[in-house]
Every structure is written in C-alpha cells, then in structure tokens.
Amino acid sequence: MPVVVLGLNLAFLNQANPFMVSLRKRVHPAGRQNAAQRVSATLEGARTKTTSSELEMALDRSVEKIRKYRLGAKKFAVAYYLLKSEGFGPRKFTIDDLVASPLRSTSWDGVRNFQARNVLLSMQTGDFALFYHSNCKNAGVTGIVEVVKEAYVDETQFDSSNLDAYDSKATPENPRWYAVDVKLQLRLPRPITLEELKQYAVPGGPLEGMLLFTRARLSVQPVRPEHFQFILRQM
DNA sequence: GCCAACGTTGGC
DNA sequence: GCCAACGTTGGC
C-alpha cells in the first residue's frame, strides 16, 4: 500500500525551532527514504525534553498548572498526544472521514471528560497526536495529526438540540468544554493495532506505562516522546 | 452484546 | 468528604 503523505515535510520543517532545521540536514541526505522512514528519523532525533511526562503527572491537577508547565517548556518542546476517535457506530469519525474533511482538518470537539479536557487545554500548535480508532474491530493508530488551533470554546455544549454534546450546566459566560483543531499530516501505511501495541506494554517493554493501557478510558492523553517514536517505528 | 473499569452524581 | 448508585467507555 502506498504511503500517503499530506504536507508532512512542511509540518516538521516549519517548526520555529532551530533544532528542527538541523534535523533537515540529517534526514535528507539519504534522499531515498520513504515518508514513513522520514517521520521516524525526524522524531528519533527530536528533542526528548518535552513536557509530556510532566503532563502525565499533572493529569489530576488544575488546568492552570498544566498550562504553566507548557508555558515554561514551550521554547524547547513539541509535545505528543493520542486522540481517540470512534471507529464504529453512529458517532464514528475515522481516518477516512478526516481525509475527506476540508483541508483534512477537523475540530476536535465533543470531549466531555474533565481530564481529557485538561489535556486538550495543554495542546499547542505544532504539537502532534496519534489518531486512534477505538470501539471497533482492529482498534489502533491510523494516522498522525498536528494541532493547528489551540483550545477554544466548544460551541456544541450550548446546543440543546444536540443530545450528545449539550451540557445544561454550561453557559457562554462559564463554558465547561473546549475544542482544538487538528490537521492530518500522515495516514499510516497500515494501522498499528492495539493488539500489536499491547505486546510492548509489558513490564520492561518499550511501551510500559503508556496511558493507553493504564488509563484506558482517557480519550485525550499525553504520550511520552519515546513512546510516540517507538510506535511510529512500527510502520 | 457483555461486562470490567472507572468517571460522575448526589444523598448524607 | 465519603461512597453507593448510576452512566459511559471501550476491549473482547
């Protein structure tokens, strides 16, 4: 199956981060690497001092604290996340739907869990997330998205005609829920399934401690850079 | 479709 | 603030 690249190079090379510029020189001389290899190589070299682990620890803390972590680390770091999307059922939104969306971008609204919301609030433009299909056969990672718009009020919480999204406790003066915009950067050449990832989540394994397994119900979660890189290497 | 895990609500 | 009851997520 061909590797589908959707603006991937630009996404990485446009980072306002001198480290990324030097990566370009390291990644490109080979010239013949396919897109999947380029992603892995770029991430491999990417600075690992990000805030993702701090975010994990901050999960139960306030939004303000999470924001502070991010502000303190911004000049260094791209952070990584995992976003779950229903792969089946009436509310499904798959990688195919994302490909078909205008600009291959979508509003990540409808999050109605406080921890997930707090993680959402910590996202900054230029951060990356694994796009994950849940609730379906062959659950797993199917793509990489980039955050292109930081948290803004999720208007669907005020829509009383939308039974899934409406929150009677939310008002425009005191909104409770937020959304970000993400844009597809890479559709994986093949899905990396939960079944496959699980075997690496054993004690001592490369994915030990990943929130996908320890906090299975969290739909928006930070991912440690080494975990993100490892998963992409499975492509 | 079942059900374990776990988040949320609300009585006390 | 505790915790039982209830609702939801998501793997299987």
Side-chain angles (χ1 to χ4, degrees), chain A residues 52-67 80-98 106-123 129-145 151 153-171 173-180 182 187-188 190-203 205-224 227-228 230-231 234:
Chain A
S52 295
S53 299
E54 286 172 330
L55 278 172
E56 270 179 47
M57 292 186 287
L59 255 185
D60 296 317
R61 307 181 200 202
S62 69
V63 173
E64 288 70 26
K65 280 187 177 169
I66 293 180
R67 277 196 178 284
Y80 304 100
Y81 298 89
L82 182 146
L83 290 169
K84 291 185 187 174
S85 190
E86 304 251 338
F88 181 79
R91 283 185 289 176
K92 88 180 170 87
F93 184 84
T94 67
I95 190 95
D96 290 332
D97 296 319
L98 187 53
T106 191
S107 170
W108 209 267
D109 55 17
V111 170
R112 294 293 180 271
N113 168 285
F114 293 105
Q115 289 186 345
R117 178 203 64 184
N118 292 351
V119 177
L120 210 60
L121 284 168
S122 76
M123 292 180 168
L130 302 168
F131 185 92
Y132 177 93
H133 287 174
S134 71
N135 237 320
C136 60
K137 236 166 61 172
N138 300 320
V141 176
T142 56
I144 302 167
V145 296
V153 173
D154 176 355
E155 294 295 330
T156 67
Q157 69 193 295
F158 310 123
D159 179 4
S160 57
S161 71
N162 185 340
L163 293 181
D164 285 332
Y166 180 61
D167 182 349
S168 61
K169 292 179 183 163
T171 63
E173 295 73 34
N174 284 302
R176 306 217 303 169
W177 307 109
Y178 293 83
V180 298
V182 299
R187 179 182 192 156
L188 300 195
R190 67 174 187 91
I192 300 168
T193 63
L194 176 66
E195 183 185 21
E196 193 178 342
L197 294 175
K198 207 166 26 174
Q199 66 186 329
Y200 298 114
V202 295
L207 296 183
E208 182 182 11
M210 194 178 175
L211 293 174
L212 185 61
F213 306 101
T214 61
R215 305 283 282 270
R217 294 181 48 181
L218 190 59
S219 68
V220 182
Q221 43 183 264
V223 174
R224 293 179 209 161
H227 289 170
F228 196 90
F230 177 83
I231 290 167
Q234 310 311 304

Min and max contacting nt of DNA chain B in 5' to 3' order, chain A heavy atoms within under 4.0 angstrom, are B:dA5 to B:dT9

Of the non-hydrogen atoms in A:L120 and A:Y178, which two are nearest, and what is the gap between them? CD2-O, 3.1 Å

Using only atom types and a distance under 3.5 Å, with no angle test, would you say the side chain of A:Q157 pairs donor to acceptor with the backbone of A:W177? yes

What's A:Y132 touching, base or sugar-phosphate or nothing? Going by heavy atoms closer than 4.0 Å. sugar-phosphate

Just wondering, do A:I231 and A:L197 contact through their side chains at under 4.5 Å, heavy atoms? yes

Does A:R112 reach a base, just sugar-phosphate, or nothing at all? Heavy atoms under 4.0 Å. nothing

If you take all heavy atoms of A:Q115 and A:L218, which pair is closest and at what distance? CB-CD1, 3.7 Å

Minimal heavy-atom distance between A:K169 and A:D167, with the atoms involved, is N-OD1, 2.8 Å

Would you indicate what A:K137 reaches in the nucleic acid, counting non-hydrogen atoms under 4.0 angstrom: base, sugar-phosphate, or nothing? nothing

Using modelled atom types only, decide if a donor and an acceptor are shared between the side chain of A:D154 and the backbone of A:G110 within a distance under 3.5 Å. yes

Between A:L194 and A:R217, who's closer to the 5' end of DNA chain C by nearest nucleotide? A:R217

